[in-house]
Amino acid sequence: MAAGTTRQCIGRFMDIEPMKFSFSSPTAIARQSVHLPNHRYSSLSMNGCGGDPRAPLGLIETRTLGAAPTPAVAADRLNSALYDLKTASPTSDSGIIRIEVPIVQQIEALEWLSCQNHTLLPRCYFSGRDSNDIDHNDTSQKQKLVSVAGLGSAVSFRHLRPFSLDDWHSIKRFLSKNSPLIRAYGAMRFDARSDIAPEWEGFGSFYFMVPQVEFNEFEGSSMIAATIAWDNRLSRTYEEAIAALEATMWQVSSLVQRINGTSHRAVVLHQAHVPSKASWDSAVKQALDIITTKNSSLVKVVLARSSRVLTTVEIDPLEWLTSLQVEGVNAYQFCLQPPESPAFIGNTPERLFYRNRLSVCSEALAGTRARGGTESLDLQIGQDLLSSAKDHHEFSVDVCSSTVVKPSKVLRKLPRVQHLYAKLTGTLQKEDDEFKILSSLHPTPAVCGLPAEEARVLISKTEMFDRGMYAGPVGWFSGAESEFAVGIRSALVGKDSGAILYAGTGIVEGSDSSLEWKELELKTSQFTKLMKHEAPLVPMREIVEL
């Protein structure tokens with residue numbers, strides 16, 4: 001495709017105001033299970049896990065062009081720069097180059113991504129939680145990055161085996177402190193040792209992508225960027241990387257069209273829970289029997305439910321995500337969709353950790369005690385928890401040279417249990433310890449239980465569905481920073497599957513299976529209401545902080 005033609009197409013796209021889309025074909029409603037085609041890597045994708053994870057990349061560079069007054073002007077400048085890349089000879093047999101054009105006006109990244117809804121390219125979206133409690137040491141980024149939308153994959157990272165230190169190095173070799181906005185967005189399975197169900201096949205044990213075309217939303221401005229990555233040792237040449245980006249840019253520009261009217265609301269035709277209510281009651285009883293056994297070390301286990309929903313029309317995951325933002329209070333919103341896969345979306349309040357160079361912060365719930373039958377007994381139990389040396393140890397992070405708990409431990413009281421809660425900050429001994437941080441913090445007691453391994457084993461024996469990335473880490477890596485949330489309040493949406501909604505609840509001594517089932521219903525209501533004529537639910541404070 002000629003450069004001029006591309007420039008015109010991109011300019012035409014960027015001039016169009018954000019639009020909403022509806023799907024033209026109905027969901028296949030006869031199936032009661034999801035059967036997806038085998039995952040195939042497109043010729044446009046390079047898997048970065050296939051090379052030497054310790055071999056440095058020959059070139060990592062960000063080229064920032066002058067700010068543009070409008071999206072159309074920004075697109076024209078970006079396209080000219082891409083043409084220059086095509087005519088230039090590579091200086092290295094491996095590298096990654098990001099070309100970015102700031103835009104004076106602020107445009108929502110999710111609206112931009114919604115305009116690409118008819119493409120089959122992989123896509124991602126990540127909107128950070130309010131980060132006022134994060135100490136950003138990097139002052140080079142003067143504007144706060146609100147959200148990021150990506151389309152196409154300059155380089156992806158996927159494997160069926162569990163995420164390893166070598167995989168972490170494979171990702172990090174494409175990142176640099178000098179190019180802070182080159183990021184790898186993705187997620188990991190809750191339990192990498194469990195079998196992968198068909199609906200999660202495209203995600204593998206983990207899936208990360210560095211977008212080819214990216215839209216960044218800042219406070220007060222925006223930015224569009226394009227990234228190419230190549231590595232001759234991975235059978236991806238510089239020329240092939242350029243051609244792949246051209247193909248993506250063509251889809252970004254040519255598949256946008258104005259849709260009149262509003263999209264059709266997806267109405268539920270069939271809904272099935274795994275487990276059923278009867279099986280749930282049995283699973284909770286089994287867990288309680290173990291918890292209350294005299295010699296058992298299990299204190300808490302988080303059991304989950306999968307709810308498969310078939311609908312009249314295909315669900316647009318980005319429309320759902322837009323609606324969820326209304327209900328999100330200090331929450332992360334995310335969307336991750338590998339090729340030929342449903343989209344994993346969520347609206348989660350729980351941070352796993354944030355790292356800035358050697359500084360790392362997290363949030364912790366540690367220790368579990370029952371509520372007292374009287375006010376005085378409840379107070380006594382809480383004081384015992386606050387003074388427990390054993391439970392305080394759960395707030396330390398062994399790979400940190402120091403760990404600071406701010407504020408000092410407080411009690412968070414739930415209707416039936418109470419926990420210690422605190423925000424943690426620590427200092428890594430070296431940046432490679434980031435992998436250990438990720439491994440040690442996941443799974444959290446809030447999504448697995450206590451002790452973690454005993455709870456995980458019970459979950460694997462009890463649950464008859466694949467959690468996939470639900471309750472797993474979801475977020476991004478960059479050269480100097482990384483941030484991960486816990487993938488709860490989430491669903492798998494689209495690709496003729498309707499939706500699969502996930503929710504879990506902690507089972508402790510005294511839990512009532514019927515009340516826990518109602519809690520599952522409440523947690524999935526943020527999705528089910530979108531298939532009914534209901535107003536957004538006002539967020540409830542289910543945790544009281546003392």
Side-chain angles (χ1 to χ4, degrees), residues 60 62 126-148 163 165 167-188 208 210 216 218-219 330-332 334 348-366 392-410 420-446 472-487 545:
I60 302 179
T62 294
F126 192 87
S127 177
R129 206 178 69 173
D130 183 9
S131 57
N132 292 332
D133 57 335
I134 293 178
D135 181 17
H136 289 275
N137 297 320
D138 184 5
T139 57
S140 61
Q141 186 176 304
K142 297 180 180 180
Q143 294 176 294
K144 177 183 175 182
L145 184 57
V146 176
S147 60
V148 174
F163 189 71
L165 180 60
D167 296 319
W168 180 82
H169 279 292
S170 293
I171 295 175
K172 298 294 284 189
R173 71 187 289 258
F174 283 87
L175 309 175
S176 170
K177 295 182 181 67
N178 297 324
S179 295
L181 290 183
I182 298 180
R183 296 176 173 181
Y185 297 89
M188 304 175 195
F208 287 87
V210 177
N216 301 146
F218 296 94
E219 288 186 341
N330 200 21
Y332 299 91
F334 63 85
T348 173
E350 187 173 349
R351 173 183 294 137
L352 188 62
F353 76 92
Y354 167 77
R355 180 188 69 85
N356 189 326
R357 299 183 185 269
L358 293 178
S359 298
V360 62
C361 67
S362 182
E363 298 168 348
L365 289 175
H392 177 76
H393 178 71
E394 294 187 35
F395 283 102
S396 64
V397 183
D398 293 336
V399 296
C400 290
S401 58
S402 63
T403 304
V404 178
V405 180
K406 294 182 178 180
S408 182
K409 295 176 297 179
V410 296
L420 292 175
Y421 167 80
K423 296 175 183 177
L424 285 73
T425 60
T427 302
L428 299 179
Q429 299 175 26
K430 56 184 183 299
E431 291 196 11
D432 280 12
D433 287 338
E434 177 182 62
F435 173 77
K436 296 180 182 179
I437 286 286
L438 185 58
S439 302
S440 63
L441 292 179
H442 173 74
T444 69
V474 54
W476 52 269
F477 294 109
S478 76
E481 298 177 274
S482 57
E483 185 167 17
F484 280 83
V486 181
E545 186 171 319

If you compare all heavy atoms of [X] against all heavy atoms of [Y], which two are closest, and at what distance to 0.1 Å?
X: Thr348; Y: Ala485; result: CG2-CB, 3.8 Å
X: Pro473; Y: Phe484; result: CB-CD2, 3.9 Å
X: Glu431; Y: Gly479; result: OE1-O, 4.0 Å
X: Phe208; Y: Gly475; result: CE2-O, 4.2 Å
X: Arg183; Y: Leu145; result: NH1-CD2, 3.5 Å
X: Leu438; Y: Met188; result: CD2-CE, 3.0 Å

Any side-chain heavy-atom pair of [X] and [Y] under 4.5 Å:
X: Val210; Y: Ile182; value: yes
X: Asp432; Y: Trp168; value: yes
X: Phe353; Y: Ser482; value: yes

query = With Phe334, which residues qualify under ring pair (Phe, Tyr, Trp, His ring centres under 6.0 Å), at least two apart?
reply = Phe344
Return the [atom1] to [atom2] distance between [X] and [Y], rounded to the nearest 0.5 Å.
X: Glu481; Y: Leu175; atom1: CD; atom2: CG; answer: 12.0 Å
X: Ile171; Y: Ser478; atom1: CD1; atom2: OG; answer: 12.0 Å
X: Phe477; Y: Phe435; atom1: CZ; atom2: CZ; answer: 9.0 Å

Just to verify, what does [X] make a side-chain hydrogen bond (donor to acceptor under 3.5 Å, both in side chains) with, not counting sequence neighbours?
X: Thr62; answer: Ser179
X: Thr444; answer: Glu350
X: Ser147; answer: Glu217

ask   = Should the pair Trp476 and Tyr185 be assigned to parallel (<30°), tilted (30 to 60°) or perpendicular (>60°) ring geometry?
value = tilted
key: Results of salt bridge (charged side-chain N to carboxylate O under 4.0 Å, His left out) for Glu434 - residues two or more places apart only   = Lys172, Arg355
query = Are the side chain of Ser362 and the backbone N or O of Leu352 linked by a donor-acceptor pair below 3.5 Å?
reply = yes
